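Before any comments, here is the structure.
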Amino acid sequence: MLRNPVGLSYAVVTLLAALAVADAALFFSALHVRLLMTGSLEDHPDPAGFGHMGVDVVSVLQGLIQLALVVVFLVWFFRVRKNAGIFAPDVHRGGPGWAIGAWFVPIANLWWPRSVAVGTWRASRRDPYGEGESFAVLNWWWACWILTDLMSLFATSVYDDADTVEEFTAGAGFLMGAAVLDIAAAVLAILFVRRLTSMQHRKATGMIPAA
């Protein structure tokens, strides 16, 4: 039985937008740290502590948004994968449960969820077995997400291990770079979610006949 993913997509898009705002806040918090560390802002009596506090507060906010986003995105992803199994059951590798499980398999989660997304996208096309909507948005989102994930781990490690002014300055710079990448990944994810949801909605409502 088909289930409408539109409502869930609105929730996912809202949380992605909130994450992008939190990323922007992290960017400016990290920039503030760099300015404090380089002496551009000299008036505060405890520049290191003040700068850390801003980054820490934004990081907690990011974590809360990401936790909610993971839950809602996985529910949406499972739903569109279930629908895709009805549209074209023979274009998928594995059952719909892997729309959730694939994200939690170490190493394989670098490519397996994308494989699930590709099958779901293909099944949701006008013609699942021919040419149709390009995979470009999906591919750009996935590449940017992987790069963001790696960059965020590296930036957080450098910043948390910093002891000197130079190390704090470098770590803050990496945090700024990670924030910019995460904003780009969030925008691309919004495009991916909206496009795939729209494809399924049109197909399910008869505007495009199912194959």
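Only a predicted model underlies this, so the values are computations on that prediction, with no experimental measurement involved. Atoms considered below: every heavy atom in the structure, side chains included; atoms not considered: hydrogens, waters and symmetry mates.
Applying the side-chain hydrogen bond (donor to acceptor under 3.5 Å, both in side chains) test to every pair with at least one member in residues 78-92, sequence neighbours left out, gives these pairs: Asn83-Gln200, Asp90-Tyr129. Sorted by first and then second residue, the side-chain hydrogen bond (donor to acceptor under 3.5 Å, both in side chains) pairs involving residues 11-28 (not counting sequence neighbours) are Asp23-Gln62.
When hydrophobic side chains of Ile, Leu, Val, Met, Phe, Trp and Tyr are connected at separations under 4.5 Å, Val21 ends up as a singleton with no cluster partners. Members clustered with Phe154: Leu147, Met151, Val158, Phe174, Leu181, by chain and number, using a 4.5 Å side-chain heavy-atom cutoff among hydrophobic residues.
Qualifying side chain to side chain contact (heavy atoms under 4.5 Å, CB included) partners for Val118, counting only residues two or more places apart in sequence or in other chains: Arg114, Arg122, Phe135, Leu138. Applying the side chain to side chain donor-acceptor pair (under 3.5 Å) rule to Trp76 yields the partners Thr197; only residues at least two apart in sequence or on another chain are considered. Listed by chain and number, the residues in a side chain to side chain contact (heavy atoms under 4.5 Å, CB included) with Val58 are Ala25, Leu26, Ser29 (sequence neighbours excluded). The ring-ring contact (aromatic ring centres under 6.0 Å, His included) search around Trp141 returns Phe192, not counting sequence neighbours. Legend: residues meeting side chain to side chain contact (heavy atoms under 4.5 Å, CB included) with Gln66, ordered by chain and number and at least two apart, are Leu19, Asp182. Listed by chain and residue number, Thr148, Ala178 satisfy the side chain to side chain contact (heavy atoms under 4.5 Å, CB included) test with Ser152 (two or more places apart in sequence, or in another chain). Trp142 is linked by a ring-ring contact (aromatic ring centres under 6.0 Å, His included) to Trp103, Trp145, counting only residues two or more places apart in sequence or in another chain. Residues meeting the ring-ring contact (aromatic ring centres under 6.0 Å, His included) test with Tyr10, sequence neighbours left out: none.
In this structure, Asp161 CG and Thr156 OG1 are separated by 10.5 Å, a value rounded to the nearest 0.5 Å.
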Candidate pair Glu133 and Lys203, rule salt bridge (Lys or Arg N to Asp or Glu O under 4.0 Å), full reasoning: CA-CA 13 Å; Glu133 288 82 352; Lys203 194 162 187 172; over 6 Å; no
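Of all non-hydrogen atoms in Cys144 and Leu188, the two that sit nearest each other are CB-CD1, 3.8 Å.
Between the side chain of Thr169 and the backbone N or O of Val165, at least one donor-acceptor pair lies under 3.5 Å. Formation of a donor-acceptor pair under 3.5 Å by the Arg125 side chain with backbone atoms of Glu131 is not found in this model.
You'll find the side chain of Phe73 reaches within 4.5 Å of the side chain of Val193, heavy atoms only.
For Trp140, the CH2 atom is loosely surrounded, since the number of other residues' heavy atoms within 6.0 Å does not exceed 12.
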